[in-house]
Amino acid sequence: MNNKQLADTFTLIANLLEIKGEIIYKTLAYRKAAESLMGLGRDASEFWKEGKLEEIPGVGKAIAEKIDELLSTGKLEFLEKLKKEIPEELASWLAVPSLGPKKVGMIWKTLGITSLADLESAAKAGKLRGLPGMGAKSETAILEGIASLSRRSGRMPLGRAYPLAQSIIAQLKKVKGVVAAEPAGSLRRMRSTVGDLDILVAAKDSAAVMEAFTNLPNVSRVLGKGEFKSSIEFGDGVRAQVWVHPPQEFGTALQYATGSKDHNVKMRQLALDKGLSLSDHSFKKVNPSTGSGRAAEKEIFCATEEDVYKTVGLPWIPPELREDRGEIEAAKANKLPKLIELKDLKADLQMHSTWSDGKLSMLEMARASAKRGMKVIAFTDHSASLGVTGGLTMEDHKKQAAEIKKIQKELGDEILILHASEVEIKADGSLDYPDEFLASLDLVLASMHTSLRQPRDKVTDRVIKAIRNPHVDIIGHPTGRLIPDREGADLDMEAILQAASETGVAMEINASPYRLDLDDVYARRAKELGIPISINTDAHSEEDMDMRFYGVAVARRAWLTKNDVINCWSTDKLLRWLKNRGK
DNA sequence: GCCGTTTTCGGCCCGACTGTTTTCAGTCG
């Protein structure tokens, strides 16, 4: 059982307990534990083997015992009992907008239905109005909620959310009186997937903003429209909400809306330590006589986030770090990393040309890369066994090498081209070309595209075998995941990273917003182990090259600096590294 | 259920918005 399965189990428990009406803090504890497992970076089973489960944040005695039971038996008596009490199917109702645990519980208890289909029929038949606290509007809201569920498939990839949010922001900035507009929430923290789009606007007068926002093109429904907050749904089911704050409190508002929740809990605590209560509006002096957070004569307003952090005695923390993964402590100790930036990237070590499945010739790709400030690129056209991509035979490679020589002459020192290959790690763990041939390439990037559903041991061994091949320099998109649809291979990532740290092989952060693989958590673990990271676009076209932005976002979330990423090194240093690897 | 340079007990997330309400409960972020 891996971390995600454990986390899913605890999330289910939290949902069922909530419907049951258990005290909210108990359900929060299960959710916190689930989140913590997802961000752990190592398998919980390792903590388990060492008897250190309770060292995982948010895991105490009770949850540690449950993890122990799950890992030893694959089952959980507590959950089985709970499911008998509260039908598991009800948990899926919670995904319906406008339905929360209270109403789910109430509807189930009064009408005795458990399936989403029955809920829909009941709503259509008008059986929900008349239930306590529900009227015709609630019924319609539930029906619309069920309909929107089928339209939207959960969270959307960052690569879709980000441009969409930017276009909304551009339109809001045109509204008269708008001083600033910024993304917030997981979008601003650059998580790989985003639920709803959160946008924050600074303006004295909110009415014009709300008017513009609810009248954006392609808005299919206005879900709510108030003085400070409005939310909308687009035709494709994507939802966005906007908050408007006066400019003088934009800093606290943006900090608050950016989250994460856990980061903000710590921020509020730091404020309290200084006798201040922090809200999205301002800091207020805590009244010492009552101990309550109100009744202050003097409010502190912050127009910028820098002021917010300064007020609690911290340097500004980049949004990508705000996950309560040690950033507050690092900021306190003045040990925040100087995060990598887009401009630091000087090399792109995975891209494809018309030699395999790319859309442009090598010359066109090289020129497009140079235009974007790249000094070194590697053509990693696919290897022979990946037939659908037009993979190259060794004979093809000879011809490709000759063409590279020719265009290199044409390009001069504008950009350096490396002759490389994305070599398939085959199902048996062998590579697609013999060692002698691999040794002749400038760079070898090995990755998996097939048989990703092999059992954990087998697929893990496969990658480790590639890592131990002395000719392999980079492992490309290690898990093979596709966002949001396909989970990656069931890898023992700790074992893989240990092997990589022994051999010095670099691990890729594939910058395609549909991959972002390694993810932030494992990339951070890789850094801890001293493994070099390579951020590559995997570009098949010119537009793909601009996706490197998302790769940098993952790297920033992983606390990486430019020294950790081989693509930021000088050409000399990069070539020296390759040479030391036998190239 | 977790957690503790105040604490092993008593805090934890609170405010805007909506709908069904005559003063409030539930949802959501």
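In what follows, every chain begins at residue 1, and chains take the letters A, B, ... in the order their sequences are listed. No hydrogens, no waters, no symmetry mates; every other heavy atom, side chains included, goes into these values.
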Pair listing, side chain to side chain donor-acceptor pair (under 3.5 Å) test, anchored in residues 313-323 of chain A, at least two apart: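 Qualifying pairs, neighbours excluded: R189(A)-E323(A), E305(A)-W316(A), E305(A)-R322(A), Y309(A)-R322(A), E320(A)-R556(A), E323(A)-R557(A).
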
- request: Just grab all the side chain to side chain donor-acceptor pair (under 3.5 Å) pairs involving residues 207-219 of chain A, residues at least two apart or on different chains.
  value: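 Passing the test, one end in residues 207-219 of chain A: E211(A)-N215(A), E211(A)-K225(A).
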
message: Using Watson-Crick or G-U wobble geometry with both distances under 3.5 Å, which nucleotide pairs with dC17(B)?
response: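 Pairing partner, where one exists within any strand: dG26(B).
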
- request: Could you check if a side-chain atom of P217(A) sits within less than 4.5 angstrom of a side-chain atom of Q171(A), using non-hydrogen atoms only?
  value: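 P217(A) vs Q171(A): side chains touch.
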
- request: Map H281(A) and K66(A) onto DNA chain B by nearest heavy atom, then report which one ends up closer to the 5' terminus.
  value: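 Its nearest nucleotide being more 5', the pick is K66(A).
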
field: Closest-nucleotide ordering on DNA chain B, the 5'-leading residue of G224(A) and D198(A)
entry: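 In this pair, the answer is G224(A).
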
Suppose you measure atom [atom1] in [N] against the same atom in [M]; what distance do you get, rounded to whole Å?
| N | M | atom1 | value |
| --- | --- | --- | --- |
| dC12(B) | dT7(B) | C1' | 14 Å |
| dT20(B) | dG26(B) | P | 14 Å |
| dC14(B) | dT21(B) | C1' | 22 Å |
| dC2(B) | dC13(B) | C1' | 16 Å |
| dG4(B) | dT8(B) | C1' | 8 Å |
| dG10(B) | dA25(B) | P | 26 Å |
| dC24(B) | dC9(B) | C1' | 32 Å |

Identify whether any heavy atom of [X] sits under 4.0 Å from a base atom; if not, whether one sits that close to sugar-phosphate; answer base, sugar-phosphate or nothing.
| X | result |
| --- | --- |
| K225(A) | sugar-phosphate |
| F10(A) | nothing |
| L99(A) | sugar-phosphate |
| F228(A) | sugar-phosphate |
| A14(A) | nothing |

Start and end of chain A contact along DNA chain B [non-hydrogen atoms, under 4.0 Å]: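 With heavy atoms of chain A under 4.0 Å away, the range is dG1(B) to dG29(B).
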
message: Going by the rule salt bridge (charged side-chain N to carboxylate O under 4.0 Å, His left out), which residues pair with D8(A) if we only count those two or more places apart in sequence or in a different chain?
response: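 Expected list: K4(A).
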
task: Not counting sequence neighbours, list each pair that qualifies as a salt bridge (charged side-chain N to carboxylate O under 4.0 Å, His left out) and has a residue in residues 119-146 of chain A.
output: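 Sorted result for residues 119-146 of chain A: E120(A)-K124(A), R129(A)-E139(A), E144(A)-R221(A).
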
query: F301(A) and Q248(A): which non-hydrogen atoms are nearest, and at how many Å?
result: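 Heavy atoms only, the tightest pair is CB-O, 3.6 Å.
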
field: Contacts of E341(A) that satisfy side-chain hydrogen bond (donor to acceptor under 3.5 Å, both in side chains) - sequence neighbours left out
entry: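 E341(A): no side-chain hydrogen bond (donor to acceptor under 3.5 Å, both in side chains) contacts found.
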
